[in-house]
Amino acid sequence: KEVFVERSLLNLLDDGNSETHFVQDLIGLRVIFDGKDIGKVTDVVNFGGGPLLEVLITSKDKTVEYYEKDKNNIKEVDILKGTITLNNKL
């Protein structure tokens, strides 16, 4: 079964912890590495090992790369700025 809830009825998850976000909020964020905009999150997938950010890399002819959404890879998620900053790059 699927359950649908109006977004306005949900509590905000932004408590200063970069690990708690709605998946839908991550899609479309710009991805920053070493101060440069390298692409955009196009999806968040999970094949059983935890969430992976699907990132469309703009400088590589639309190459897609996947990054685990964990503290090792993600330095900061800033929903208001529309960015995710990576610690590590593939």
Problem set entry | Taking every non-hydrogen atom, the tightest pair across V44 and P51 | CG1-CB, 4.1 Å
For this session: List in chain and number order the residues that pass side-chain hydrogen bond (donor to acceptor under 3.5 Å, both in side chains) with D70, two or more places apart in sequence or in another chain; answer none if no residue qualifies.
Result: N73
Exercise. Same cluster for I32 and L26 if Ile/Leu/Val/Met/Phe/Trp/Tyr side chains link at under 4.5 Å?
Worked result: no
For this session: Mind checking the OG1-CD spacing from T85 to E76? Nearest 0.5 Å is all I need.
Result: 5.0 Å
Seminar exercise, completed: K81 and R30 have their tightest heavy-atom pair at O-NH2, 3.4 Å
For this session: Identify whether V3 and F22 are in the same connected component of the hydrophobic contact network (ILVMFWY, side-chain heavy atoms under 4.5 Å).
Result: yes
For this session: Can you tell me which residue pairs pass the side-chain hydrogen bond (donor to acceptor under 3.5 Å, both in side chains) test with a partner in residues 34-54, sequence neighbours excluded?
Result: T42-E54, E54-Y66
Exercise. How about I74 and L86: do any of their side-chain heavy atoms sit closer than 4.5 Å?
Worked result: yes
Seminar exercise, completed: Closest non-hydrogen contact found for L29 with D25 is CG-O, 3.6 Å
Problem set entry | Side-chain heavy-atom pair N72, N87 within 4.5 angstrom cut-off | no
